[in-house]
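Taking it in order: structure first as structure tokens, then the write-up.
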Amino acid sequence: MTESGGHTRSEAVYLDAVSGDGEVAMVARLCRYPQRGVQWAWLHVFVGARVYSFTDHGLACGAGFTDLDAADALYEACAAELQIRFERRGAVAAPSAATLFAQVRAHAQDGASFVVPADGPGSVAVSVKASFVPDAVPVSNRQGRHEMQGRVSAELIVAGQPCQLQARGHFHEQEQSDPRFTVPFTYATLRGEDFGLIFIRGARGVRGQFTEGGRSVGLTRVDMSGPGSRRDIDLLLADGRRLHGTLQARHRYDVRVQGESRPASIVAGSIGGRACSGCVNDFRVDALPFLPA
């Protein structure tokens, strides 16, 4: 099934964590289409110069929808040699905690190869155990989407070798009935020690928030250079502040969505003179406005 899924209700859950220097990271996502009995899963783990990736867009999915109004929520995908399980504690708009357990057989590749592995299992055993505790105000950049940043404690095990990751990260849930991945966009979630920003930008502007000190300020403009090893970024906040930043890609990788490329990167750099790291994803790059190279 294509990721867009047509006008069918879908629900997605996501967790990432990126070390301050961008060298170690994990990104996990499930998207469920209960009416079609299908869900898809992505898991990417970054350790050293290697990327360990797993994607599957044809996993079986139960017919029931997640009750987002419940105090807790569970999302799970299981198959042969595969388990991915997200749990959220507390209300969807302001969770108190979330956890992830993932166990897959992933494809291993050099971080600079840009080869997109085939869907399905690879040859390397990878597992992730992670806990998330929010430390910033929740934000929403579209109806049905609930996002927040916080502290992640994770154990990544690759081919039997454990790696501990203590970092700021990002958790979100999203439900919608309109198709996904139909318009060009750049999406970013970036975190420093005491600030963060989340935005999605396209040809018609930006929706996003800058968080610090227990509050959020809207982003009214984001200009940035295109995908590459270095990206410049200029922010205009609703309170009038202008911030410049530079992001270095520590890992670059690609995911195929409906047969199209969705390039992504794990980055580290600075915003307004303050260190940050996180994730930047692009879709239909040729249709997006970027700063001159």
Side-chain angles (χ1 to χ4, degrees), residues 11-32 39 41-48 51-54 66-78 82-104 106 125-140 145-175 189-198 211-212 214 250-251 266 268 276-279:
E11 54 188 36
V13 61
Y14 169 101
L15 178 66
D16 78 50
V18 180
S19 64
D21 61 6
E23 296 298 329
V24 180
M26 55 78 48
V27 181
R29 191 176 185 189
L30 290 179
C31 186
R32 305 179 68 247
Q39 64 181 320
W42 295 351
L43 178 69
H44 292 84
V45 170
F46 308 85
V47 178
V51 180
Y52 301 89
S53 61
F54 173 88
T66 303
D67 182 359
L68 295 182
D69 293 326
D72 304 318
L74 168 67
Y75 303 83
E76 189 169 29
C78 295
L82 161 70
Q83 183 180 12
I84 300 178
R85 178 187 179 96
F86 289 87
E87 293 187 68
R88 182 246 302 157
R89 302 295 184 191
V92 65
S96 59
T99 60
L100 165 70
F101 175 76
Q103 193 167 33
V104 305
V126 173
S127 68
V128 176
K129 292 177 67 175
S131 61
F132 168 89
V133 177
D135 67 359
V137 294
V139 300
S140 178
R145 186 177 179 99
H146 305 276
E147 304 177 272
M148 63 172 37
Q149 296 174 336
R151 301 285 171 179
V152 176
S153 177
E155 181 180 54
L156 317 176
I157 302 178
V158 176
Q161 298 299 310
C163 176
Q164 303 300 317
L165 175 60
Q166 308 286 330
R168 294 197 73 210
H170 173 119
F171 176 77
H172 76 240
E173 294 170 87
Q174 179 176 339
E175 64 169 350
T189 170
L190 302 169
R191 290 84 60 168
E193 185 62 27
D194 57 359
F195 76 99
L197 59 149
I198 303 168
T211 61
E212 64 178 338
R250 302 303 189 202
H251 302 275
I266 303 298
C276 67
S277 64
C279 307

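Residue indices begin at 1 and follow the sequence shown.
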Taking ring pair (Phe, Tyr, Trp, His ring centres under 6.0 Å) as the definition, give me every residue that meets it alongside Tyr75, ordered by chain and number, with sequence neighbours left out.
none
With Asp67, which residues qualify under salt bridge (charged side-chain N to carboxylate O under 4.0 Å, His left out), at least two apart?
none
Heavy-atom distance under 4.5 Å between the side chains of Glu173 and Glu11, does that happen here?
no
Taking the side chain from Thr211 and the backbone from Val137, do they hold a donor-acceptor pair closer than 3.5 Å?
no
When you check the side-chain N and O atoms of Gln166 and Ser153, is any donor under 3.5 Å from an acceptor?
yes
From the options His146, Met148, Arg145, select the one residue that forms a side chain to side chain contact (heavy atoms under 4.5 Å, CB included) with His172.
Arg145
For the pair Gln149 (side chain) and Phe195 (backbone), establish whether a donor and an acceptor sit closer than 3.5 Å, ignoring hydrogens and angles.
no
In this structure, CD1 of Ile84 is separated from CG of Leu15 (nearest 0.5 Å) by 12.0 Å
Calculate, to the nearest 0.5 Å, the distance between atoms SG and CD belonging to Cys276 and Glu193 respectively.
12.0 Å
Of Leu165, Ile157, Leu156, which is the lone residue that meets side chain to side chain contact (heavy atoms under 4.5 Å, CB included) with Val45?
Leu156
Flag side-chain contact, heavy atom, 4.5 Å: Val126 against Phe54:
no
Minimum heavy-atom separation for Arg168 to Ala136, with atom names?
NH2-CB, 4.0 Å
Results of ring pair (Phe, Tyr, Trp, His ring centres under 6.0 Å) for His44 - residues two or more places apart only:
Tyr253
For residues Leu74 and Thr66, report the shortest heavy-atom separation together with the two atoms involved.
O-OG1, 4.0 Å
Any Lys/Arg nitrogen of Lys129 or Glu87 sitting under 4.0 Å from an Asp/Glu carboxylate oxygen of the other?
no
Nearest 0.5 Å, what's the OG1-CZ distance between Thr99 and Arg88?
11.5 Å
Just verifying a value: how many Å separate Cys279 SG and Phe46 CZ, rounded to the nearest 0.5 Å?
7.5 Å
